[in-house]
> 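Here it is: the structure, laid out below.
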Amino acid sequence: HLSKFNCLVELGEKHLAFLQALEMHPFTPETLDQEQTITHDQYRSFSRMEQITRYRRKFGRTVLAKNAPILPRILYYLHLGEMDAVSSLIKELKSTSEMDLAVSNFKSVDQFIRSGGGEYVFQGHCDKISFPKVGNLFDDEDSTSSTLNSNKPYVGVLSNMFVHSESTVVFDKNGTAVSDVFSHEKFGKYVSLRGDPVLASRSGEALIHENMISCKYIQQAIHMSGSPSSHFGHWFAEFLPKLRHFEQLKHFSEIPIIVNDSMPDTHFDFLNAVSNNPLIRIKKNEVLNVNKLFVAPTITFSPFFPISAHEVPQESGGSWSAPAMQYIRTKILQFYGPLKTEKRKIYLSRKNSSWGLVNAEDRLEEFLASMGIDTVTLETMPFEEQVRTMQGAEFIIAPTGSALNSVIFSDFDTKVLVLSQSATHNWGGWLGPIRELGFDPKFLLTPVDENASKHRTLEFELEDVERAIRAVVG
């Protein structure tokens, strides 16, 4: 039923685009009707009520027409902040359809605990994260680097919470949505709801979401579920590092971990190598009511889907830390042990990926094969084979992508060449920590516009790739 709602969200948001522009972007005369004449400065000086009045006149007739669907009207009043009208329309919707929605608000874990919803059972010190400027292999070394703090480590235990399989957000019995990401003081407003199918629409801290109807009661559990956990990069960098905080719990090994049943088998193998806690495999669209829910933060602010026009600095969006990398590396290498085999050179292919592809990759792979470099696709291998492949590599060449996280399973003297673009986005948040760990990756950067998408297709000249390989390998 929520999918039906999301379809109508698109309809409603056509009418809401104007108001969202008022909230998120500078105002321009083009947002007014063409026959209206007004200077930019005059427009910016209007009070919010005058803006809303103009908005009502421009779009209100469509949304508030007698035959208008209820859902766009809900969205309309939500974004105007008229919550009584929203609540009334949600009740009307439930009485005329099978859709069961709720209206509530976001709180961070800290806000929720301070309001009496739980307590901290562990608090630690922030990691220091080096964020260097990613330089091109053939340019002069650029020593420019910034330092940032990780999120403050904690383990909170929240009382009587509801966990939906597809959401990283958890809810209390009153519907309050608890999320450090969505309620982030600076950047929460830039997080898109696209990555969370339980959340329907928001305006500021106000939120419309699917009503939580519990399927099963659990006494206590660690929260590590949500749809992003099915994606290797998010599972590796955002979920698993939380375990180093959960391990501070007195009876950690006895507390079950909630994970998505739909995760790939390799994710379960990865988790088992880090922790052998009992698991609660939550099924698709299942809701659990957990009496004592243990939660911990990601390393840094890490939205699954930021909005396209966000203003989150590169260093503030999804960085690693050296202690987190070291924790995962130590756990995995202790579990699988050393590898005694002849070393080889490998290329981590992106042929099975849906973004960040390499143009004419088959041609690149043939060229690399002529240089004695084997193409591997880690995502097609069992997890142990992935680890062994990285342990057995003396040289790794790869386009930017989540597979590069697995470099931490290789030896420190392994040579690493990363194929990327000059718009390096948050890759400094990977490069700094992995250097601190003991590796020394080099980057070959193809020139692109500074605003180029992180997920664009990469293009390289084979002679540049060959020159880079010879420079790195010798």
> I'd like to know whether K107 forms a salt bridge (Lys or Arg N to Asp or Glu O under 4.0 Å) with D172, so could you lay out the CA-CA distance, the side-chain angles of the two residues, the decisive distance to 0.1 Å, and finally the verdict.
CA-CA 11 Å; K107 283 186 178 180; D172 74 357; over 6 Å; no

> Of the non-hydrogen atoms in I113 and G118, which two are nearest, and what is the gap between them?
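Closest heavy-atom pair between I113 and G118: CG2-O, 3.5 Å.
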
> Quick one: side chains of residues 397-408, donor-acceptor pairs under 3.5 Å with protein atoms, not counting sequence neighbours, listed by atom name and distance.
| from | atom 1 | to | atom 2 | distance (Å) |
| --- | --- | --- | --- | --- |
| N405 | OD1 | W320 | NE1 | 3.0 |
| N405 | ND2 | S402 | O | 3.4 |

> Has K292 got its NZ or CZ under 6.0 Å from the middle of the six-membered ring of F294, at an angle within 45 degrees of the ring axis?
no

> Under 3.5 Å, which donor-acceptor pairs do the side chains of residues 279-288 form with other protein atoms, sequence neighbours left out?
| from | atom 1 | to | atom 2 | distance (Å) |
| --- | --- | --- | --- | --- |
| R281 | NE | D261 | OD1 | 2.8 |
| R281 | NH2 | D261 | OD1 | 3.3 |
| E286 | OE1 | K283 | N | 2.8 |

> Does a side-chain heavy-atom distance below 4.5 Å link L348 with M390?
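Of all side-chain heavy-atom pairs linking M390 with L348, at least one is under 4.5 Å.
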
> Regarding Y347 and E361, is there a side-chain donor-to-acceptor distance under 3.5 Å anywhere?
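Note: Y347 and E361 side chains meet the donor-acceptor criterion.
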
> Do R435 and W430 form a cation-pi contact, if we require the NZ or CZ to be under 6.0 Å from the six-membered ring centre and within 45 degrees of the ring's axis?
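Not flagged: R435 not positioned over aromatic ring of W430.
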
> Once side-chain contact (heavy atoms from CB on, under 4.5 Å) is applied, do any residues pair with K173, and if so which ones, sequence neighbours excluded?
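Per chain and number, K173 pairs via side-chain contact (heavy atoms from CB on, under 4.5 Å) with N160, F162.
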
> Under the side-chain hydrogen bond (donor to acceptor under 3.5 Å, both in side chains) rule, what pairs show up with a residue in residues 373-382, not counting sequence neighbours?
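Found R344-D374, N352-E379, T377-T380.
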
> Ignoring hydrogens and angles, tell me if any N or O in the side chain of S115 forms a donor-acceptor pair with the backbone of F112 under 3.5 Å.
yes

> Scan side-chain atoms only and decide if E247 and Y327 contain a donor-acceptor pair under the 3.5 Å cut-off.
yes

> After noting the C-alpha distance and the side-chain angles of H209 and F171, does the key distance pass the ring pair (Phe, Tyr, Trp, His ring centres under 6.0 Å) rule?
CA-CA 10 Å; H209 60 83; F171 302 84; 4.5 Å; yes

> Do D196 and S167 pair up side chain to side chain, a donor and an acceptor below 3.5 Å, judged on atom types alone?
yes

> Would you indicate whether N174, at its atom CG, is surrounded by more than 12 heavy atoms from other residues, nucleotides or ligands within a distance under 6.0 Å?
yes

> We want to know whether S183 and Q111 form a side-chain donor-acceptor pair, criterion being a heavy-atom distance below 3.5 angstrom.
no

> Quick check on the 6.0 Å ring-centre criterion: do F252 and F246 meet it?
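That pair fails the under 6.0 Å test.
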
> Please, which pairs that meet side-chain hydrogen bond (donor to acceptor under 3.5 Å, both in side chains) have at least one residue in residues 225-236, sequence neighbours excluded?
H223-S225, S229-N260, H234-E238

> Which heavy atom of I346 sits nearest to which heavy atom of A393, and what is that distance?
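Taking every non-hydrogen atom into account, CD1-CB, 3.8 Å.
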
> Identify the two heavy atoms, one from N211 and one from A102, that lie closest to each other, and give their separation to 0.1 Å.
OD1-CB, 3.7 Å

> Considering only heavy atoms from C-beta outward, does the side chain of I328 approach that of F236 to under 4.5 Å?
yes

> If you look at every heavy atom in S321 and P433, which pair is closest and at what distance?
C-CB, 3.7 Å

> Classify the angle between the aromatic ring planes of H267 and F232 as parallel (below 30°), tilted (30 to 60°) or perpendicular (above 60°).
tilted

> Tell me whether the guanidinium CZ or amine NZ of R329 lies under 6.0 angstrom from the six-membered ring centre of F412 and within 45° of its axis.
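Yes.
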
> Return the CD1 to CG distance between I257 and L243, rounded to the nearest 0.5 Å.
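Reported to 0.5 Å precision, the distance equals 5.0 Å.
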
> Which pairs, with at least one residue in residues 108-128 and sequence neighbours excluded, count as a salt bridge (charged side-chain N to carboxylate O under 4.0 Å, His left out)?
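Salt bridge (charged side-chain N to carboxylate O under 4.0 Å, His left out) check on residues 108-128 returns D110-R114, D127-R244.
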
> Are the side chains of Y120 and V157 in contact, using a 4.5 Å heavy-atom criterion?
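In short, these two side chains do not touch, never coming nearer than 4.5 Å.
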
> Over all heavy atoms of both residues, which pair between L437 and A322 is shortest? Give the atoms and the distance, please.
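That closest heavy-atom pairing would be CD1-O, 3.8 Å.
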
> Could you report the tightest heavy-atom contact between A177 and S104, atom names first, then the distance?
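Closest pair (atom of A177, atom of S104, distance): N-OG, 4.3 Å.
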
> Do Q391 and D411 come close enough that some side-chain heavy atom pair is under 4.5 Å?
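Q391 vs D411: side chains apart.
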
